[in-house]
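See structure below.
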Protein chains: 2
Amino acid sequence: MNPELFSTKQRILDAAEALFASHGFAGASLRQVTSSAQVNLAAVNYHFGSKENLINEVLRLRLDKLNADRTQALQAALAKSPAQLEDVLGAWIRPALAASANEKGSTAFVRILARTYAEQNERLRSFLHDNYGHVLRDFTTALGTLLPHLDKQELYWRMDIITGALTFAMADFGAIKRRGASAEQHRELTADHLIHFASAGLRAK
Amino acid sequence: MNPELFSTKQRILDAAEALFASHGFAGASLRQVTSSAQVNLAAVNYHFGSKENLINEVLRLRLDKLNADRTQALQAALAKSPAQLEDVLGAWIRPALAASANEKGSTAFVRILARTYAEQNERLRSFLHDNYGHVLRDFTTALGTLLPHLDKQELYWRMDIITGALTFAMADFGAIKRRGASAEQHRELTADHLIHFASAGLRAK
DNA sequence: CTAGAATTCAAACAAACGTTTGACAAGCGA
DNA sequence: TCGCTTGTCAAACGTTTGTTTGAATTCTAG
């Protein structure tokens, strides 16, 4: 009942997010999580009921925010007239990359997200689909008006490609090493490259 | 010592590949693997020494083939003159997508690969880097001569983006559903879209 | 201040984990 | 046939897993 910032529940969520990201859902044990959060082992089951519920909670909290950020950014991009393709793409890409900078400055969540895609777990897949579906549709609709030469099916193909590249970049998987650049600078650079590349890909044909 | 197709060792490799893909390295137990392979539990430690060695073996076998296929396809693409950007891209993309069609027609390996990217495990990361590094360099060099307006650093950025989209597509993560199309048809369609999109992205600016 | 709810804690639970063992069977060159 | 390697098997090893328990503690409304 305590909405405090450093409550037991919140500390568990933070530690779980970081450990799930680095070791996976199966690979990170509750003992690691509770030890890192400096709470008792039983606290997870007390506050969340089970490990699976904890996993879902970690995902849900972040996804809700990402979806809200993307939706808001899309509306802002569409407010300008004429709307620019780069701005709509930015509304899809930048909130996702920004999500990597949580309170602790870690990239935990995005690695979790990328990992969740890799989990064949159907419950997680459909969970993602249910939470992402309508946002993806909104973006595809917006892109459709900007790119009238592409039909719906073709737009979904290209959004698939963009989302793949974005997911990959979110988790900082690539070979690109940021030398001297701060995390924010690197993130900005990544966003610019993604938007530039994706714009050309979308305008093709 | 038996190179038989259905030897204990091979059955373990096949079962491990499928189970690692669907449940992750930590999530798939040796009991699941040996049960699925219909061999004794101790067989894994007898033939591979440990679970970690089994993981490495599963990855190594597939990566060796993928690297060889890509290198060969690149040479074929460069043999034509003038070399075409789409052909070089195809040499990077098509062998990776084709790797999804193993003997059992499953997409196990590529999901493993995608999952490996998501594993923060540094040993696996460097393992991948050591096996992929020189092939990636060869492709970047080839692309550099075709795209003289892009410097080395910019090429790595764009190859990062392409590889991300490819990895995503390899694991069949996207929202695109193949309706009625066979796996091969879908793979061809995916390759065509990726190559088309990436060509435009690479030629940009 | 006090009764009762909410939370934390050490300890233990059964189950599942990767690995090891030693017995036993199969294959094979001498 | 012999002796030896190779492979398979059931059983057990010690850990670690997620979860539960019941007592102790902290918090909070009356």
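Throughout, protein chains are lettered first and strands after them, A, B, ... in sequence-line order, and every chain is numbered starting at 1. Scope of the values below: all heavy atoms of this structure, side chains included, with no hydrogens, waters or symmetry mates.
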Could you state the atom-to-atom distance from [atom1] of [X] to [atom2] of [N] in whole Å?
X     : N      : atom1 : atom2 : answer
B:I12 : D:dC9  : CD1   : C1'   : 13 Å
B:K51 : D:dT16 : NZ    : C1'   : 13 Å
B:Q38 : D:dA10 : CD    : C1'   : 17 Å
A:R31 : D:dG18 : CZ    : C1'   : 7 Å
A:F48 : D:dT19 : CZ    : P     : 13 Å
A:L19 : D:dG18 : CG    : P     : 12 Å
A:L30 : C:dA10 : CG    : P     : 17 Å
A:Q32 : D:dT19 : CD    : P     : 15 Å

Please determine whether a side-chain nitrogen or oxygen atom of [X] lies at a distance below 4.0 Å from atom OP1 or OP2 of [N].
X     : N      : value
A:N40 : C:dA10 : yes
A:S29 : D:dT16 : no
B:H47 : D:dT8  : yes
B:T8  : D:dT8  : yes
A:N45 : D:dG18 : no

**Item:** First of A:A28 and B:A43 reached from the 5' end of DNA chain D, by closest nucleotide
**Value:**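 Closest to the 5' end, via its nearest nucleotide, is B:A43.
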Does the A:R158 side chain pair with the main chain of A:G201, one donor and one acceptor, at a distance under 3.5 Å?
-> yes
Main chain of B:A142, side chain of B:T145: is a donor-acceptor contact present, judged purely on distance under 3.5 Å? yes
Nearest-nucleotide check on DNA chain C, A:L41 vs B:Y46; residue mapping nearer the 5' end is A:L41
Cation over ring face, B:K9 and B:F48, 6.0 Å, 45°: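 Yes - B:K9 lies over the ring of B:F48, closer than 6.0 Å to its centre and within 45° of its axis.
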So A:A42, base contact, sugar-phosphate only, or nothing? Heavy-atom distance under 4.0 Å.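 A:A42: base contact, heavy atoms under 4.0 Å.
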Pair A:Q10, A:D14: side-chain N/O donor-acceptor within cut-off below 3.5 Å:
yes
### Message
Check this for me, if you would: do A:E86 and A:R94 make a salt bridge, where the nitrogen-to-carboxylate-oxygen distance has to be below 4.0 angstrom?
### Response
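Between A:R94 and A:E86 there is no salt bridge, as every charged N stays at least 4.0 Å from the carboxylate O atoms.
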